[in-house]
Chemist: 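Handing you a structure now.
Starting from 1, each residue takes its place in the sequence as its number.
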Amino acid sequence: MPELNDRFGRKHTYLRISVTDRCNLRCLYCMPEEGMVFMEQDKLLSYSDILEVAASAANLGIRKFRITGGEPLVRPGLEELVAGLSALPGVEDISLTTNGLLLASQAAKLKQAGLRRVNISLDTMDATRFKFIARRGDLNKVWEGVEAAAEAGLTPIKLNCVLLKGVNEDEIGRFLKLSIEQPLHIRFIEYMPIGHDDAGWRDHYLPLNRVLEEAARLGYELMQDEGPRGSGPSENWRIKGGAGTFGLIHPISEHFCKNCNRLRLTADGHIKPCLYWVDELNVRPALGSPAAMEQLFFKAMDIKPENHEMAALLAGDKQSHVPTVRRMSQIGG
């Protein structure tokens with residue numbers, strides 16, 4: 001079976017599938033509170049089209065799929081897609097990233113369809129601060145989603161916490177304590193300049209060594225940990241006696257590009273070899289032709305960069321900044 005190896009020897013086995021650009025939150029680091037213009041629904045790939053792309057990916061060695069958005073649970077009938085992915089030969093893992101607001105009512109049917117586990121975004125455990133960061137929504141609904149996921153067996157459950165200097169860094173200790181008390185896996189994530197390459201982004205950027213410093217201040221005894229299934233690029237730790245773990249995902253200060261095994265399929269039907277790079281390949285012309293679709297994946301391997309340039313942006317090197325989209329027609333495909 002042919003494999004998806006890029007020019008730098010990285011074997012790709014993981015496809016992130018965005019099913020929508022819509023979200024029921026307006027997190028301050030992600031999108032403006034008002035004025036968002038989302039894709040028209042007919043611009044989205046249908047579930048059958050996504051499954052056609054995924055089938056070619058699986059034939060080329062993709063073994064893990066992650067469903068994302070926007071917020072994926074706002075798109076109706078997601079269990080249909082999960083069931084289709086689960087039926088593909090060779091698939092080992094199907095996961096979901098969600099903000100959790102709609103998870104309580106959908107967890108059981110998603111598990112039944114074949115979903116294995118969930119990552120739930122949670123940047124604060126304070127209800128008032130939640131309203132400030134997310135600008136809408138109800139923190140209690142997120143916790144209901146966490147509980148429903150556990151009851152349905154969508155484990156391990158990971159909580160993704162984007163750390164923002166001056167906003168939620170004072171909650172690091174609360175999240176560390178949560179990893180001791182419950183079998184949850186906290187993932188502290190560096191704030192990335194996706195659409196925020198200005199000085200304001202740098203003002204809120206917080207390197208994750210701050211987490212280890214806080215753990216030391218609190219007197220915790222740390223042990224490095226392999227982490228739960230699907231740990232990916234996380235640097236994993238367990239506090240002695242803890243029921244869960246915590247991890248550090250630092251795409252900027254210690255970027256993990258050299259081990260990247262991921263591709264992304266956008267909601268409107270483009271393969272992105274790198275989340276923070278310019279090149280995208282349109283899958284629509286290849287629909288109906290498995291051979292053409294597989295060639296598109298090989299082309300993605302040919303154009304994937306060695307690494308992103310977010311660290312250069314942190315240093316203020318504007319010359320390193322590139323636009324985040326360049327369509328297939330612009331790169332000779």
Chemist: Can you check whether Leu212 reaches Glu235 side chain to side chain, under 4.5 Å on heavy atoms?
Modeler: yes
Chemist: Would you say that Cys161 contacts Leu122 through its side chain, given a criterion of any heavy-atom pair below 4.5 Å between the two side chains?
Modeler: no
Chemist: In terms of side-chain heavy atoms, does Ser56 have a donor or acceptor partner in Asn59 at a distance below 3.5 Å?
Modeler: no
Chemist: Between Leu163 and Val211, is any pair of side-chain heavy atoms under 4.5 Å apart?
Modeler: yes
Chemist: Nearest heavy-atom pair of Phe130 and Gly137: which atoms, and what distance?
Modeler: CE2-C, 3.7 Å
Chemist: Have Arg16 and Thr68 got a donor and an acceptor in their side chains that come within less than 3.5 Å?
Modeler: no
Chemist: Which value, rounded to the nearest 0.5 Å, describes the distance between Glu71 atom CD and Thr97 atom OG1?
Modeler: 9.5 Å
Chemist: Can you tell me how far the CG atom of Leu45 sits from the OG1 atom of Thr20, to the nearest 0.5 Å?
Modeler: 11.5 Å
Chemist: Rounded at 0.5 Å granularity, tell me how far CG in Leu248 sits from CD1 in Ile186.
Modeler: 12.0 Å
Chemist: Evaluate the side-chain proximity of Val19 to Leu44: yes if any heavy-atom separation is below 4.5 Å, no if none is.
Modeler: no
Chemist: Using the rule that Ile, Leu, Val, Met, Phe, Trp and Tyr join whenever any side-chain heavy atoms are under 4.5 Å apart, tell me whether Leu208 and Leu218 fall into a single cluster.
Modeler: yes
Chemist: Salt-bridged, Arg210 to Glu214, with N to O below 4.0 Å?
Modeler: yes
Chemist: Report the distance from atom CZ of Arg262 to atom SG of Cys274, rounding to the nearest 0.5 Å.
Modeler: 12.0 Å
Chemist: Give a yes or no on whether the backbone of Gly244 and the side-chain of Gln182 come within a donor-acceptor separation of less than 3.5 Å.
Modeler: no
Chemist: Checking Arg217 against Glu213 for the salt bridge (charged side-chain N to carboxylate O under 4.0 Å, His left out) test, could you report, in this order, the C-alpha distance in whole Å, the side-chain angles of both residues, the deciding distance, and whether it holds?
Modeler: CA-CA 6 Å; Arg217 188 190 70 80; Glu213 291 170 357; over 6 Å; no
Chemist: Mind listing the closest non-hydrogen atom pair of Val53 and Met293 along with its distance?
Modeler: CG2-CE, 3.8 Å
Chemist: In this structure, are over 12 heavy atoms from other groups packed under 6.0 Å from Gln112 atom CD?
Modeler: no
Chemist: Under a 3.5 Å distance rule, please check whether Asp21 uses its side chain to pair with a backbone N or O of Met39 as donor and acceptor.
Modeler: yes
Chemist: Is a salt bridge present between Glu40 and Lys43, judged by a nitrogen-to-oxygen distance below 4.0 Å?
Modeler: no
Chemist: For Glu144, is there any backbone N or O sitting under 3.5 Å from a side-chain donor or acceptor partner on Glu147?
Modeler: no
Chemist: Just do the side chain to side chain contact (heavy atoms under 4.5 Å, CB included) check on Arg129 and Asp170 with the steps written out, would you?
Modeler: CA-CA 12 Å; Arg129 185 172 288 172; Asp170 61 334; 2.6 Å; yes
Chemist: For Arg10, does its backbone N or O pair with a side-chain atom of Asp6 as donor and acceptor, under 3.5 Å?
Modeler: yes
Chemist: Using side-chain heavy atoms (C-beta onward) and a distance below 4.5 Å, is Arg66 in contact with Tyr14?
Modeler: yes
Chemist: If you define the side chain from C-beta out and look only at heavy atoms, does anything of Ile239 sit under 4.5 Å from Leu176?
Modeler: yes
Chemist: Are Phe246 and Ile180 linked, directly or through intermediate hydrophobic residues, by side-chain heavy-atom contacts shorter than 4.5 Å (ILVMFWY only)?
Modeler: yes
Chemist: Going through the checks in order, is the side chain to side chain contact (heavy atoms under 4.5 Å, CB included) test met by Thr245 and Ser179?
Modeler: CA-CA 5 Å; Thr245 66; Ser179 79; over 6 Å; no
Chemist: Taking all non-hydrogen atoms of both residues into account, name the closest pair between Pro72 and Leu78 and its distance.
Modeler: O-CD2, 3.9 Å
Chemist: Does atom CZ (Phe132) have a neighbourhood of more than 12 heavy atoms from anything else shown, all under 6.0 Å?
Modeler: no
Chemist: For the CZ atom of Arg117 and the NE2 atom of His185, what is their distance to the nearest 0.5 Å?
Modeler: 10.5 Å
Chemist: Measure across Gly69 and Ser18 and return the closest heavy-atom pair with its distance rounded to 0.1 Å.
Modeler: O-OG, 3.2 Å
Chemist: Begin from the C-alpha positions of Glu92 and Arg116 and carry the test salt bridge (charged side-chain N to carboxylate O under 4.0 Å, His left out) through to its verdict.
Modeler: CA-CA 9 Å; Glu92 299 172 357; Arg116 304 284 185 86; over 6 Å; no
Chemist: Without swapping roles, check the side chain of Thr98 against the backbone of Gly100 for a donor-acceptor pair under 3.5 Å.
Modeler: yes
Chemist: Against Asn236, only a single residue in Gln224, Glu226, Arg187 fulfils side chain to side chain donor-acceptor pair (under 3.5 Å); can you say which?
Modeler: Arg187
Chemist: Under a 4.5 Å cut-off applied to non-hydrogen side-chain atoms, are Leu60 and His12 in contact?
Modeler: no
Chemist: Under a 3.5 Å cutoff, is there a donor and acceptor pairing between the side chains of Asp126 and Thr124?
Modeler: no
Chemist: Quick one: does any side-chain atom of Arg63 pair with a main-chain N or O of Ala58 as donor and acceptor, under 3.5 Å?
Modeler: yes
Chemist: Do you know which two heavy atoms are closest between Thr266 and Glu280, and how far apart they sit?
Modeler: CG2-OE2, 4.2 Å
Chemist: Between Val91 and Leu85, does a side chain to side chain contact (heavy atoms under 4.5 Å, CB included) hold up when you go through it step by step?
Modeler: CA-CA 8 Å; Val91 173; Leu85 293 172; 5.7 Å; no
Chemist: For Tyr220, does the six-membered ring have the charged nitrogen or CZ of Arg238 within the cation-pi criterion, i.e. under 6.0 angstrom from the centroid and within 45° of the normal?
Modeler: no
Chemist: Taking the side chain as everything from C-beta on, heavy atoms only, tell me whether Cys260 gets closer than 4.5 Å to Lys304.
Modeler: yes
Chemist: Shared ILVMFWY cluster between Leu15 and Phe298, side chains joined below 4.5 angstrom?
Modeler: yes
Chemist: Quick check: does any side chain N or O of Ser105 sit under 3.5 Å from a backbone N or O of Leu102, one acting as donor and the other as acceptor?
Modeler: yes
Chemist: Is it possible for you to say whether Ile271 and Phe8 belong to one hydrophobic cluster, with membership spreading through side-chain heavy-atom contacts below 4.5 Å?
Modeler: no
Chemist: To the closest 0.5 Å, what do you measure between CG (Leu103) and NZ (Lys141)?
Modeler: 12.0 Å
Chemist: Would Phe188 and Val162 satisfy side chain to side chain contact (heavy atoms under 4.5 Å, CB included), going step by step from the backbone distance to the final call?
Modeler: CA-CA 6 Å; Phe188 296 103; Val162 176; over 6 Å; no
Chemist: Any idea which heavy atoms bring Ala113 and Ser86 closest together, and the distance?
Modeler: O-CB, 3.8 Å
